[in-house]
Amino acid sequence: MKFDYVVIGSGPSVYRFLLGMQNSGKKIAVVEKNRFGGICPNEGCEPKIFLEGAARATLTSMRLQGKGITQPAKLDWKELIQQKNKAMASFLNNMQSMYEGLGATTIKGEASFVDQHTIEVNNKKITADNFVIATGKKPHPLNIPGHEYLLTSTNLFELEDTPKNVAIIGSGYVGMEFATLLSAAGVRVTVIVRSGQPLEGFYSQHVHQLVDEMKNSLGINFIFNTNVTAVTEAQTGYEVQSANGNLGTFDKVINASGRVPEINALKLDNAGVEYSNRGIKVDKYLTTSANNIYAMGDIVDKTAPALTSTAQFEADYLSALLTNKTTEPLRYPVIGTVTFTFPQLAQAGISIDKAKEDSNYSIKDIDITQGDFLYAGTDDHARLSLVFDKQNHLVGAAEISQTAVDDINALIPVMAIDVDPEVWKEKMLMAFPGLAYKIRTLI
């Protein structure tokens, strides 16, 4: 079989890429070894956000008990998982036909490069003028005794029986969000953190506040500066061991220690594609060291956050480049990121921690539960931090609150368009009493 483009992987970036390549007249194939749609809709952000809505409502009602709520909600984990499966089944079943509807030939199987113009799938050779690698990342394997007892996010999204107590190894997005979801279902959760701080990359002050709230409000236990060395099967569950001894016995142990590039099976050396343990190396046009092979999404070795939004942005750019709609190099926009914990953390633009070390920036820390702000949350200690440059333009923002994602999204246009503060106040009146309105005099 011969194609103009073969895309390896089928995540959200591939959908955007195929949209951009419509009417190009190019013959395109999409090769996927697992489920079409990739991680995000199958075992990532889409099922997570479905579960998060119910978990947040449950936790909010618990927080408001005695403050106008007499009977807090109780989350039924088994029913929630069943509803998630029902809601997403038709969408996931249609992903492959959706790609075919966009003009692609779909091929199920694992791809590996034979040379710069050839891959092998299911013992058959497929040739193409160009390739796009979009295989993303997979859960980081923990090569410790007892690793076979560990669950991943994939297993948890299908777990109908509610465990009584769970250990989560890792404290990035996945670990912290799962800790929140499970605690809403009444599970006793222990988070084992390799370093002294979860969620590296988020504003450290907000992270420490989040940990305190998760401890005090949700009853989550944190064990810091600890590496798990083994997991052993016991009569009552699974014992988790560290260099300092036994950390406890748990019904389930979840490996949320991070994600690594889905790269090994590709045999990139055969095609002359350079890579590292962070992913595939690309230039400012998403071109690899082989000039007919491109990469996009989480598989790319990049400093931009590995998010669905950045993957789709790269796909839009790459399809525009390959259809001669642009000749410019890729430039990332202002990128918002959020963790759906309770409360949420969200941020965009210049990092607050980095800004504190640079005299070119000034920072305003605002308690948005006090005075005129009157944060309409759940009696949280919500805070917003803003970064300004020498011209007093907003260049960074971070928030911890129950509505952090919406508040930060409202500020991204101010940073992205580089709005003059006076123009902001003159041209826009946000809805009152939303936070975006109340901080208009501060921007």
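What you are looking at is a predicted structure, and each value in this text was computed from that prediction instead of being measured.
- The pair Arg35-Glu32 does not count as a salt bridge, with every side-chain nitrogen at least 4.0 angstrom from each carboxylate oxygen.
- There is no side-chain donor-acceptor pair under 3.5 Å between Thr152 and Asn255.
- Ring centroids of Tyr238 and Phe250 are separated by 6.0 Å or more, keeping the two rings apart.
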- Query: Between Glu177 and Lys48, is a salt bridge (charged side-chain N to carboxylate O under 4.0 Å, His left out) present by the stated rule, with each step listed?
  - Reply: CA-CA 8 Å; Glu177 290 174 344; Lys48 174 197 71 180; 3.2 Å; yes
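- The pair Lys138-Glu262 meets the salt-bridge criterion, with a side-chain N (NZ, NE, NH1 or NH2) lying under 4.0 Å from an Asp/Glu carboxylate O.
- Surrounding NZ of Lys78 are at most 12 heavy atoms belonging to other residues, nucleotides or ligands under 6.0 Å away.
- Shown here is Glu148, whose CD atom has more than 12 heavy atoms of other residues, nucleotides or ligands within 6.0 Å.
- Counting only N and O atoms by type, the side chains of Tyr173 and Thr337 include a donor and acceptor under 3.5 Å apart.
- Heavy-atom contacts from other residues, nucleotides or ligands closer than 6.0 Å to CD of Gln71 number 12 or fewer.
- Aromatic rings of Phe17 and Tyr294 (six-membered ring for Trp) have centroids beyond the 6.0 Å cut-off, not under it.
- Within 6.0 Å of the NZ atom in Lys164, the count of heavy atoms belonging to other residues, nucleotides or ligands does not exceed 12.
- Checked against the 6.0 Å centroid threshold, Phe157 and Phe50 do not count as a close aromatic pair.
- Lys354 and Tyr203 form no side-chain donor-acceptor contact under 3.5 Å, judged by distance and modelled atom types alone.
- By the 4.0 Å N-to-carboxylate-O rule, Asp298 lies too far from Lys137 to be salt-bridged with it.
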